[in-house]
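Everything quoted here is computed from the prediction, not taken from an experiment.
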Amino acid sequence: MTPEPAPTLQQLLAFYLEAGVDCALGDEPINRLEELEPVPAPAAPRPLAALNPLRPPPPVMPSVPRSEITVAPDAAIASARDAARMAPTLEALRELLQTFDGCALKHTATKLVFADGNPEARVMFVGEAPGRDEDIEGLPFVGRSGKLLDRMIAAIGLDRSKAYIANVIPWRPPGNRTPTPQETQICLPFIQRQIELVNPDVLVTLGNPSTQALLGTREGIMRTRGKWVDYDTGTRTIRAIATFHPAYLLRSPSYKKMTWLDLRAIAKALAAANM
């Protein structure tokens with residue numbers, strides 16, 4: 001096959017005119033396949049002025065949030081033990097917690113949730129940690145689980161004016177997460193001192209975390225609930241018993257019957273202590 005002859009310049013110009021190309025974009029042709037010239041490097045930055053030796057340098061700000069700037073765990077636990085031991089009253093203990101910076105939870109919570117009820121009550125209930133409603137109100141057990149706890153207390157003929165209510169952890173963990181073992185150990189001396197100062201006849205731990213922290217057991221709440229144990233404050237031995245946390249009963253109402261048996265045992269123990 002014979003190849004077609006190359007078009008002449010006149011034929012190319014006629015083709016471009018028919019295609020609508022009626023003007024040139026530049027006087028000189030451009031080779032778009034050639035490499036571009038390298039971009040010149042930026043000029044070197046001007047040197048900074050020398051610091052004035054008579055003026056101290058600006059302080060270096062921490063790069064971590066305040067909630068993570070805390071004392072080392074071992075030092076915080078030791079500090080908590082020493083401080084709690086020195087609190088002569090419940091009010092002094094509350095003030096101490098207001099100024100204590102050894103637990104990071106303090107910096108993420110809205111309020112300190114210290115306690116509610118009667119400091120001279122004969123029965124003390126201790127849960128694990130505050131939730132959202134408690135963090136807003138600054139009082140333990142004020143949400144749905146708090147209303148159920150009120151009914152539980154009423155079942156043994158008492159109310160909040162005749163009971164004392166607190167938590168192992170006095171600050172709400174972010175997002176209601178489970179407190180870490182370190183956070184629990186840091187806060188433990190404060191609730192232990194709180195129990196010692198209230199000095200109830202009966203101590204009731206609500207749920208597995210508070211039971212394990214205060215009663216020194218590794219068993220679950222199913223095995224520990226309803227069993228009497230001795231709680232030693234160092235100055236006195238208090239009768240203690242574990243039962244289900246109200247929040248757990250809201251999720252698993254079938255265990256309310258077992259809780260009722262625990263409450264009856266608590267009522268009997270209070271009656272016996274009053275004789």
Side-chain angles (χ1 to χ4, degrees), residues 65-67 70 80 83-84 87 89-180 183-184 186-195 197-198 200 203-211 213-214 243-253 256 259 263:
R66 177 175 173 81
S67 61
T70 56
T89 64
L90 288 171
E91 187 57 34
L93 186 63
R94 178 196 287 269
E95 292 298 323
L96 192 153
L97 280 168
Q98 293 282 13
T99 59
F100 182 74
D101 288 326
C103 183
L105 294 178
K106 174 184 177 180
H107 305 301
T108 57
T110 302
K111 292 181 179 179
L112 169 71
V113 181
F114 185 70
D116 192 20
N118 187 348
E120 298 180 358
R122 297 174 53 236
V123 59
M124 180 174 178
F125 296 86
V126 181
E128 179 186 18
R132 175 181 175 276
D133 295 324
E134 289 77 12
D135 185 51
I136 295 173
E137 296 291 334
L139 294 171
F141 290 93
V142 294
R144 291 181 61 216
S145 61
K147 293 179 180 178
L148 179 54
L149 179 61
D150 289 342
R151 294 198 294 270
M152 292 166 60
I153 296 174
I156 57 176
L158 303 176
D159 55 31
R160 291 204 179 210
S161 67
K162 299 177 181 178
Y164 190 82
I165 306 169
N167 283 305
V168 173
I169 309 290
W171 296 287
R172 179 200 182 195
N176 287 358
R177 66 164 172 78
T178 301
T180 66
E183 291 165 347
T184 300
I186 292 172
C187 296
L188 189 58
F190 298 112
I191 187 61
Q192 290 173 331
R193 181 58 175 159
Q194 201 169 356
I195 295 170
L197 291 171
V198 175
L203 173 65
V204 184
T205 56
L206 300 169
N208 198 51
S210 62
T211 299
L214 291 174
T243 192
F244 296 108
H245 194 285
Y248 180 77
L249 295 176
L250 291 173
R251 298 191 301 268
S252 306
K256 289 183 178 180
T259 306
L263 293 172

Give every residue pair that meets the ring pair (Phe, Tyr, Trp, His ring centres under 6.0 Å) criterion with at least one member in residues 149-172, sequence neighbours excluded. none

Excluding sequence neighbours, so at least two apart, what forms side chain to side chain donor-acceptor pair (under 3.5 Å) with Asn208? none

Going through the checks in order, is the side chain to side chain contact (heavy atoms under 4.5 Å, CB included) test met by Gln194 and Leu90? CA-CA 7 Å; Gln194 201 169 356; Leu90 288 171; 3.8 Å; yes

Strictly distance-based, threshold 3.5 Å: is any side-chain N or O of Asp135 a donor or acceptor partner for the main-chain N or O of Thr110? yes

Kindly give the heavy-atom pair with the smallest separation between Val198 and Ala121, and that separation in Å. CG1-O, 4.2 Å

Note, His107 side chain near Asp101 side chain (heavy atom, < 4.5 Å): yes

For Gln98, side-chain contact (heavy atoms from CB on, under 4.5 Å) partners two or more places apart: Leu112

Just wondering, do Thr184 and Ile169 contact through their side chains at under 4.5 Å, heavy atoms? yes

Kindly give the heavy-atom pair with the smallest separation between Ala115 and Ala166, and that separation in Å. CB-CB, 4.3 Å

Is there side-chain contact between Pro179 and Pro209, with at least one heavy-atom pair below 4.5 Å? no

Flag, side chain of Arg193 to backbone of Leu93, donor-acceptor distance under 3.5 Å: no

Can you check whether Val126's main-chain N or O pairs, donor with acceptor, with Ser210's side chain at less than 3.5 Å? yes

Please enumerate all residues that pass side chain to side chain donor-acceptor pair (under 3.5 Å) together with Thr243, with sequence neighbours excluded. Asp262

Can you sort out the partners of Phe244 under ring pair (Phe, Tyr, Trp, His ring centres under 6.0 Å), two or more places apart, ordered by chain and number? Tyr248, Tyr255

Can you see which heavy atom on Ala87 is nearest to which on Ala92, and at what distance? CB-C, 4.4 Å

For the student: nearest non-hydrogen atoms of Val113 and Pro140, plus distance: CG1-N, 3.4 Å

If you define the side chain from C-beta out and look only at heavy atoms, does anything of Leu105 sit under 4.5 Å from Pro174? yes

Among Ile165, Asn118, Ile195, whose side-chain contact (heavy atoms from CB on, under 4.5 Å) with Met124 holds? Ile195

Taking only residues at least two apart or on different chains, which pairs with a member in residues 128-163 satisfy ring pair (Phe, Tyr, Trp, His ring centres under 6.0 Å)? Phe141-His245

Closest non-hydrogen atoms of Pro246 and Leu148, given as atom of the first, atom of the second and distance, are O-CD2, 3.5 Å

Looking at residues at least two apart in the chain, or sitting in another chain, which of them share a ring pair (Phe, Tyr, Trp, His ring centres under 6.0 Å) with Phe125? none

Going by salt bridge (Lys or Arg N to Asp or Glu O under 4.0 Å), name the pairs with one or both residues in residues 117-132, residues two or more places apart or in two chains. Arg122-Asp201

For Thr99, the side-chain contact (heavy atoms from CB on, under 4.5 Å) test, sequence neighbours excluded, returns none

Leu214 and Leu188 have their tightest heavy-atom pair at CD2-CD1, 3.8 Å

Excluding sequence neighbours, so at least two apart, what forms side-chain contact (heavy atoms from CB on, under 4.5 Å) with Ala155? Trp260, Leu263

With sequence neighbours left out, the residues meeting side chain to side chain donor-acceptor pair (under 3.5 Å) with Ser145 are none

Listing request: all salt bridge (Lys or Arg N to Asp or Glu O under 4.0 Å) pairs with a residue in residues 155-180, at least two apart in sequence or in separate chains. Asp116-Arg160, Asp150-Arg160, Arg177-Glu183

